[in-house]
Number of protein chains: 2
Amino acid sequence: MVEPIGPKEEHILNIAMQVFVEKGWHGTKMQEIADRAGVNKAMLHYYFRSKERLYSTIFRQLFMKYMSSLSDSFQPEQDFASTLKQFINRFSDMLRDNPQLPMFVARELSEGGAIVQQCVRELVKDGKLQTPQKFIDEIKKAEARGEIEHMEEPVHFLFTLIGSCIYFFLAGPIIKPLFPGLLSDPDAFLEKRKEAIFKHLYFGIKKRGDNT
Amino acid sequence: MVEPIGPKEEHILNIAMQVFVEKGWHGTKMQEIADRAGVNKAMLHYYFRSKERLYSTIFRQLFMKYMSSLSDSFQPEQDFASTLKQFINRFSDMLRDNPQLPMFVARELSEGGAIVQQCVRELVKDGKLQTPQKFIDEIKKAEARGEIEHMEEPVHFLFTLIGSCIYFFLAGPIIKPLFPGLLSDPDAFLEKRKEAIFKHLYFGIKKRGDNT
DNA sequence: GATTAATTTAACCAACTGGTTAAATATCGG
DNA sequence: CCGATATTTAACCAGTTGGTTAAATTAATC
């Protein structure tokens with residue numbers, strides 16, 4: 001089903017991915033892809049027929065990468081604290097390596113052209129987006145083990161968790177000018193960020209032993 | 001400095017705002033604004049000279065609205081628990097009334113054309129984006145009062161908090177198809193979401209009295 | 001009611017966009 | 001080396017885009 005693609009084709013695909021991720025569907029011009037890939041514009045159509053096809057290939061790939069990383073980052077461990085810690089670790093590392101990925105996915109889904117909508121419909125239909133249930137089940141188990149507090153709707157914790165991990169990467173352009181210096185050592189920052197998220201979500205901020 | 005604008009001008013501005021919020025800079029066409037506003041395309045240029053100017057007016061306005069709502073939602077109360085609860089309440093309500101606002105701001109900042117960059121530079125220079133410090137100061141006070149745990153870098157809590165509130169609105173297009181039925185009663189959902197966020201961040205999920 | 005200024009319109013324009021095509025060039029099996 | 005196939009190019013095309021303009025219409029002023 002997945003026909004093999006030549007190195008040239010792959011090179012174009014990689015460049016196109018960069019441009020689409022940076023500028024989105026409307027902001028991306030075929031000419032710019034061609035220029036940055038160092039090929040004639042007609043080559044893009046030779047290999048991919050149309051902007052729609054090229055985009056659809058790329059969106060599908062990146063959307064799956066994003067959703068898969070959610071799934072892959074979540075691996076049940078001995079206790080839920082470890083599971084949570086590992087998820088934050090892995091998911092944050094993926095975001096560090098693909099900082100523009102969540103913005104791309106969110107933006108394209110929100111602009112929601114026909115291509116994107118069809119893509120998502122297919123993936124949902126094929127059952128390829130079932131991360132959440134895995135998550136929720138594990139939360140319920142940890143709850144049953146008496147490890148964590150009872151949650152009425154575990155899905156909320158999922159939202160809180162993902163939101164906490166992602167926000168920094170989505171809001172980067174606001175945060176950077178507001179906190180100059182915060183990112184002088186990005187790696188160190190991310191490590192602290194991971195710890196902070198875990199502490200906030202697992203222990204909360206309330207002073208323990210305080211019953212007010 | 002702010003010249004008074006006629007009702008017609010304002011009408012166009014409102015429509016233009018809708019279109020820009022929906023489709024972003026590149027996705028917005030002057031013709032569509034004109035059509036939806038029920039005016040001749042030349043009128044847009046008559047009132048606003050260029051797409052850049054029109055956009056710049058709108059971006060500035062919406063970006064300030066977003067940043068102000070962050071600031072306005074944060075009003076110190078008797079105790080930090082109440083402050084936090086109220087912030088989540090107010091900020092979430094604003095998001096409910098302007099669900100596309102965070103996506104718009106994030107998207108435009110990430111595409112980061114010259115207009116946006118200059119806009120942000122001006123606002124930062126004019127000191128109009130100083131919400132965060134207010135926040136951090138209050139956290140430190142609550143810490144000093146012994147109300148909450150010590151935080152090495154309170155700014156992380158800010159990120160976790162905002163991320164938790166915003167994620168649902170940014171990820172709406174992913175969440176809706178994945179959790180059909182979750183939003184059958186959006187208002188009820190949001191109320192539960194507010195409570196959940198507060199619980200997660202203030203108390204954490206760890207079973208209390210458990211010292212593992 | 002005439003004159004002036006503000007508003008609105010249709011027609012137009014140059015630049016750009018995605019896409020095509022036919023010819024040129026490179027590649028490769030024989 | 002030859003033919004066939006795959007790749008690459010420049011020129012081109014029709015539709016769209018932001019923007020202009022001059023004339024027409026309306027509103028305001030006297």
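Letters go in sequence order (proteins before strands), and every chain restarts at 1. For the numbers below, each heavy atom of this structure counts, side chains included, while hydrogens, waters and symmetry mates do not.
Proximity of the aromatic rings of A:F168 and A:F189 is defined here by a centroid distance below 6.0 angstrom, and this criterion is met.
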Could you write out each protein N or O paired with an N or O of nucleotides 25-29 of chain C at a distance under 3.5 Å?
none

Interface polar pairs with nucleotides 23-26 of chain D, N/O, under 3.5 angstrom:
none

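Residue A:H11 contributes atom NE2, which lies 16 Å from atom P of D:dT7 at whole-angstrom precision. When the P atom of D:dT8 is taken as reference, atom CD of A:E9 falls 11 Å away, rounded to whole Å. Between the P atom of C:dC12 and the NE2 atom of B:H45 lies a distance of 19 Å, rounded to the nearest Å.
Taking the side chain of A:K8 as heavy atoms from C-beta on, and the options D:dG18, C:dG19, D:dT8, the nearest nucleotide is D:dT8.
Less than 4.0 Å separates DNA chain D from no heavy atom of any residue of residues 107-117 of chain B. Within residues 46-53 of chain B, the residues approached by DNA chain C to less than 4.0 Å at the level of any non-hydrogen atom are B:Y46, B:Y47, in residue-number order. Of the residues in residues 14-43 of chain B, those placing a heavy atom less than 4.0 Å from an atom of DNA chain C are B:N40, B:A42, B:M43, in numerical order.
Formation of a donor-acceptor pair under 3.5 Å by the A:K85 side chain with backbone atoms of A:F198 is not found in this model. Checking side-chain atoms of B:N98 against main-chain N and O of B:L101 turns up no donor-acceptor pair under 3.5 Å. Listed for the B:R90 side chain is no donor-acceptor partner under 3.5 Å among the backbone atoms of B:F74. Counting only distance, with no hydrogens or angles, the side chain of A:T83 and the backbone of A:E77 share a donor-acceptor pair below 3.5 Å. Under a 3.5 Å cut-off, the side chain of B:E143 and the backbone N or O of B:M151 do form a donor-acceptor pair. At least one donor-acceptor pair under 3.5 Å links the side chain of B:K51 to the backbone N or O of B:T28.
The two residues A:N40 and A:A34 come nearest to each other via the heavy atoms C-CB, 4.1 Å. Considering every non-hydrogen atom in both B:S184 and B:P186, the closest pair reads O-CD, 3.6 Å. The two residues A:R107 and B:M103 have their closest heavy-atom pair at CA-CE, 3.5 Å.
Using a cutoff of 4.0 Å between basic side-chain nitrogens and carboxylate oxygens, B:D137 and B:K140 are not scored as salt-bridged. Here B:K125 does not pair with B:E122 in a salt bridge; the nearest charged N to carboxylate O distance is not below 4.0 Å. The existence of a salt bridge linking A:E152 and B:K199 is excluded, since no basic side-chain nitrogen approaches an acidic carboxylate oxygen closer than 4.0 Å.
For residues 25-47 of chain A, the set of pairs meeting the ring-ring contact (aromatic ring centres under 6.0 Å, His included) definition, not counting sequence neighbours, comprises A:W25-A:Y55.
Using cut-offs of 30° and 60° for the angle between ring planes, the A:F91 and A:F87 rings count as parallel.
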